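Working notes, beginning with the structure itself.
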Amino acid sequence: MTAITHHTPDALLAAYAAGSLPQPYALVVAAHISLCLECRAAYEAHQAAGGAVLESVAATDVSEGLKSSILALLDTPVPCEPTYQRSGVYPGPVMGALKGRLPRWKSVGMGVRQCILSAGHEGSVRLLYIPPGQAVPDHSHNGLELTLVLQGSFSDDTGRFGVGDLEVADQALEHTPIADPGAPCICLAATDAPLRFTSFLPRLLQPLFRI
Amino acid sequence: MLAVRDSRDRVAFAELFDHFAPRLKGFIMRSGTGSGQAEEIVQDVMLTVWRKADQFDPERAQVSAWIYQIARNRQIDVIRKENRPMPEELGEDPSAEPEASQILAVDQEVGQLKQALTRLKPDQRDIIEKAYMGELTHQEISAQTGLPLGTIKSRIRLGLERLRHELKDMR
Ligand SMILES: [Zn+2]
């Protein structure tokens with residue numbers, strides 16, 4: 001495995017720690033941190049800064065009964081939340097989004113498959129499966145697109161992206177990622193707008209395929 | 001906090017409550033939450049502190065950082081009604097004795113961070129507070145240049161060394 005060279009920008013990490021990142025991006029950042037020590041260290045530094053802010057705000061008196069009611073609840077058993085472990089190439093947070101099951105791929109043509117993890121007003125996040133040598137069809141987007149490689153690699157005008165690398169593309173970048181030879185490329189991609197494949201499927205079909 | 005984690009010490013937990021509950025309430029109300037709902041969140045956060053105490057690692061984080069993240073997660077879960085995606089936990093060896101020098105190093109860094117915060121001009125400080133209270137978008141955060149985040153950068157370097165060290169021990 002090669003070293004990760006493309007990392008999460010600091011502003012995204014700070015927003016992730018503060019919880020202001022939209023859910024689709026938060027999933028990609030959580031998955032990258034799961035794979036990347038450098039960004040984990042940076043994330044923990046932002047938590048420390050958040051802790052310093054928490055310590056510095058003016059305290060507000062709490063109601064008299066709050067402490068005793070919390071102390072009385074300490075022994076109350078609570079149902080365990082499920083935690084999801086890494087499975088194959090899929091980091092824990094991705095397995096969480098998949099509810100512990102492996103992805104159910106849907107073909108979108110040309111050998112490319114996708115598995116939508118969530119799609120809503122905040123944007124969408126999906127897994128993409130791209131056979132070697134195959135281009136992810138031209139897509140232009142509004143806003144920000146995050147793509148994290150989980151298996152194989154792809155290259156585009158801006159460089160090569162291997163396992164653990166995160167590509168951050170904004171609307172100024174019209175790029176054509178192509179999966180490198182070798183293993184099929186699997187990546188986790190989040191956008192804050194529906195992907196618009198510009199030369200792939202007639203626009204009319206897009207709602208049908210949700211791409 | 002270690003007494004809470006290792007010997008389930010209720011007196012120590014009550015002390016944690018005395019220190020953090022009023023700060024948590026102030027912190028939560030700053031983002032516009034009413035007093036009643038803020039106390040509900042304080043209750044959830046403090047109960048999580050008790051229940052998940054075994055996840056607290058003093059070699060990597062100070063209590064305030066750990067509680068900060070629990071509080072933000074809880075606030076977000078309340079607003080969104082869904083869980084925030086979290087990174088995998090590092091699989092650590094729970095039997096390993098924490099190193100006093102590591103804990104001290106973490107405390108010192110956080111001390112420096114707090115000092116840096118108090119030295120900020122009021123408008124800079126306001127931006128930092130807004131950012132970590134989740135009131136700024138990532139675009140707004142990246143538009144803030146020239147904020148004195150030097151201590152955060154040094155914390156990142158030290159944190160990375162610590163994580164590498166920890167991972168080496170696990171192999
Ligand atoms: Zn990284």
Side-chain angles (χ1 to χ4, degrees), chain A residues 9-12 14-21 23 25-34 37-38 40-63 66-67 69-71 73-74 76 78 81 83-86 91-94 96-97 144, chain B residues 10 13-14 17 21-27 29-30 39 42-43 46-47 50-51 60-69 71-73 75-76 80 82 84-88 109-110 113-114 117-118 128-129 131-139 141-142 152 155-156 159-160 162-164 167:
Chain A
D10 211 33
L12 285 178
Y16 173 69
S20 52
L21 212 53
Q23 200 82 344
Y25 296 153
L27 178 62
V28 179
V29 172
H32 179 82
I33 292 172
S34 300
L37 279 189
E38 206 166 312
R40 185 184 290 269
Y43 166 58
E44 291 182 352
H46 287 296
Q47 290 177 320
V53 169
L54 170 63
E55 288 272 12
S56 71
V57 293
T60 303
D61 286 341
V62 294
S63 328
L66 187 63
K67 186 170 169 179
S69 67
I70 289 177
L71 287 172
L73 282 169
L74 292 187
T76 313
V78 282
E81 298 159 27
T83 54
Y84 293 98
Q85 307 295 324
R86 190 181 302 201
V94 174
L144 183 74
Chain B
R10 282 157 198 262
F13 179 79
F17 178 94
R23 287 175 170 79
L24 279 167
K25 186 176 176 186
F27 181 81
M29 287 181 70
R30 276 286 294 273
E39 290 205 350
V42 171
Q43 171 163 328
M46 291 311 295
L47 286 173
W50 176 255
R51 286 168 189 150
R60 293 209 340 250
Q62 229 196 9
V63 183
S64 61
W66 189 62
I67 293 185
Y68 163 77
Q69 194 66 77
R72 286 302 300 147
N73 288 354
Q75 282 180 277
I76 294 155
R80 291 175 185 264
E82 62 180 337
R84 201 168 80 94
M86 294 300 289
E88 288 168 13
E109 288 159 29
V110 176
L113 258 176
K114 277 187 208 161
L117 270 182
T118 58
I128 293 273
E129 283 184 1
Y132 287 103
M133 285 176 176
E135 289 167 17
L136 299 184
T137 65
H138 60 93
Q139 295 98 329
I141 294 174
S142 54
I152 293 188
R155 176 94 181 50
I156 292 173
L160 187 58
R162 201 167 290 130
L163 286 166
R164 286 198 175 120
L167 222 61

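When reading the values below, keep in mind they use all heavy atoms of this one structure, side chains included, and skip hydrogens, waters and symmetry mates. Everything quoted here is computed from the prediction, not taken from an experiment. Protein chains get the first letters and strands the later ones, always in sequence-line order, with residue 1 at the start of each.
The two residues A:Ser56 and B:Leu117 come nearest to each other via the heavy atoms OG-CD1, 4.4 Å. Annotation for A:Val57 and B:Arg23: closest pair CG2-O, 3.7 Å, computed over non-hydrogen atoms. Closest approach of A:Ala52 and B:Ser64 over heavy atoms only: N-OG, 4.5 Å. The two residues A:Arg40 and B:Glu88 have their closest heavy-atom pair at NH2-O, 2.9 Å. For B:Pro85 against A:Ala30, the heavy-atom pair with the smallest separation is O-CB, 3.8 Å. Across all non-hydrogen atoms, the minimal contact from B:Tyr132 to A:His46 is OH-ND1, 2.7 Å.
With hydrogens and angles disregarded, a donor-acceptor distance shorter than 3.5 Å links the side chain of B:Gln69 to the backbone of A:Ala17. Between the side chain of B:Lys25 and the main chain of A:Asp61, a donor-acceptor pair closer than 3.5 Å is present. Counting only distance, with no hydrogens or angles, the side chain of B:Glu39 and the backbone of A:Leu66 share no donor-acceptor pair below 3.5 Å.
Atoms CD and CG, on A:Glu55 and B:Leu113 in that order, are 11.5 Å from each other to the nearest 0.5 Å. Summarising the geometry, atom NZ belonging to A:Lys67 is positioned 10.0 Å from atom CE belonging to B:Met46; distances are rounded to the nearest 0.5 Å. From B:Gln139, atom CD reaches atom OG of A:Ser20 across 9.5 Å, with rounding to the nearest 0.5 Å. To the nearest 0.5 Å, the span separating CD on A:Gln47 from CD1 on B:Ile67 amounts to 12.5 Å.
With chain B as the partner, the residue from A:Thr76, A:Leu71, A:Val78, A:Ile33 showing the most heavy-atom pairs under 4.5 Å is A:Val78. Taking chain B as the reference chain and counting heavy-atom pairs below 4.5 Å, the highest number among A:Ala45, A:Gly96, A:Ala14 is found for A:Ala45. The greatest number of non-hydrogen atom pairs below 4.5 Å with chain B, out of A:Ser34, A:Ala31, A:Pro9, is found for A:Ser34. Counting heavy-atom pairs under 4.5 Å between each of A:Gly50, A:Gly92, A:Ala59 and chain B puts A:Gly50 at the top. For the options B:Met29, B:Met133, B:Glu129, B:Arg51, heavy-atom pairs under 4.5 Å to chain A are most numerous at B:Arg51.
For B:Arg84, the parts lying near chain A are the backbone and the side chain together; criterion is any non-hydrogen pair under 4.5 Å. Looking at B:Gln62, neither its backbone nor its side chain comes within 4.5 Å of chain A, counting heavy atoms on both sides. For chain A, the nearby part of B:Arg30 is the side chain; its heavy atoms alone come within less than 4.5 Å. Contacts of B:Ala131 with chain A are made by backbone atoms alone, with heavy-atom separations under 4.5 Å and no side-chain atom involved. Using a 4.5 Å cut-off between heavy atoms, B:Leu136 touches chain A through its backbone atoms (N, CA, C, O) alone. Only the side chain of A:Ser69 comes within contact range of chain B, with at least one heavy atom under 4.5 Å from a heavy atom of that chain. Of the atoms belonging to A:Val29, not a single heavy atom falls under 4.5 Å from chain B. At a 4.5 Å heavy-atom cutoff, B:Ala71 makes no contact with chain A through either its backbone or its side chain. Only the side chain of B:Phe17 comes within contact range of chain A, with heavy atoms under 4.5 Å apart.
For the pair B:Trp50/A:Ile70, no side-chain contact is recorded, criterion being any heavy-atom separation below 4.5 Å from C-beta on.
Looking at residues two or more places apart in sequence or on another chain, you find a salt bridge (Lys or Arg N to Asp or Glu O under 4.0 Å) between B:Arg10 and A:Asp75.
For B:His138 and A:Tyr16, the side-chain atoms include no donor-acceptor pair closer than 3.5 Å.
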